[in-house]
Amino acid sequence: MPFNFRKRKIEEPEIPTASMADIAFLLIIFFMLTTIFSRAKGLKMVLPEKSTEIVKIKSENMMRISINPEGKIFIDDAIIETPIYEIKNIVRERIKENPKLIVLIKTNISAPYNRMIEVYDEVLQGGADKVALQSIKGE
């Protein structure tokens, strides 16, 4: 007896995609509701009012900290580079000597940005409450 085998047509498995758009929409809503959008944080500073009056500051009341393009730090135009961890102590000592001290941080525009922030933080930790920031061009 001959067997007559019929070839059965093999059906391809299908993935139902009718609800794919619904799932994508729900995922978008989920991530929009659970994501926290943080605002960029800047330096907290109180800026002076606009004035045409020029205020003259005595040189003994001013401490200048300069940052060159390589990120090296100099205090009062010294030739010797100052390590960043020393700034806090130097500022603290200078404020004890002169409570009216104003710290000016002069940063070259080519200097690494984070270096200015590090110096600013050290100056604040040293106890300075009068800090001025200035950017300088050139080398």
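- Across Met62 and Arg94, no two heavy atoms sit closer than the pair O-NH2, 4.0 Å.
- In this structure, the separation between CG on Asn108 and CE on Met116 is 12.5 Å, given to the nearest 0.5 Å.
- Both Ile75 and Ile84 are members of a single hydrophobic cluster when ILVMFWY side chains are connected at heavy-atom separations under 4.5 Å.
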Q: Decide yes or no on side chain to side chain contact (heavy atoms under 4.5 Å, CB included) for Asn89 and Arg92, but give the supporting numbers first.
A: CA-CA 5 Å; Asn89 298 327; Arg92 197 172 285 140; 3.6 Å; yes

Q: Output, in order, the C-alpha distance, side-chain angles, deciding distance and verdict of side chain to side chain contact (heavy atoms under 4.5 Å, CB included) for Thr107 and Leu133.
A: CA-CA 8 Å; Thr107 307; Leu133 301 174; over 6 Å; no

Q | Residues Ile90, Met63; criterion side chain to side chain contact (heavy atoms under 4.5 Å, CB included); working and verdict | A | CA-CA 10 Å; Ile90 294 170; Met63 177 179 177; 3.6 Å; yes

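- When the side chains of ILVMFWY residues are joined at heavy-atom separations under 4.5 Å, either directly or via intervening members, Phe25 and Leu33 end up in a single hydrophobic cluster.
- Residue Ser59 holds its OG atom at 7.0 Å from CZ of Arg64, rounded to the nearest 0.5 Å.
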Side-chain donor/acceptor pairs under 3.5 Å, residues 95-104, sequence neighbours excluded:
unit_1 : atom_1 : unit_2 : atom_2 : d
Asn98  : OD1    : Lys100 : N      : 3.1
Asn98  : ND2    : Glu60  : O      : 3.0
Asn98  : ND2    : Asn61  : OD1    : 2.7

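- Heavy atoms only, all atoms of each residue included: Val123 and Val91 are closest at O-CG1, 4.0 Å.
- Residues Tyr113 and Tyr120 share a single hydrophobic cluster, defined by chaining ILVMFWY side chains whose heavy atoms lie under 4.5 Å apart.
- Nearest approach of Ala111 to Ile67, heavy atoms of both residues: CB-CG2, 3.9 Å.
- When all heavy atoms of Ile87 and Thr82 are compared, the closest pair comes out as CG1-CG2, 4.3 Å.
- Using a 4.5 Å cut-off between side-chain heavy atoms of Ile, Leu, Val, Met, Phe, Trp and Tyr, with links allowed through other members, Phe30 and Met20 fall into different hydrophobic clusters.
- Residues Glu70 and Pro112 come closest through the heavy atom pair C-CD, 4.4 Å.
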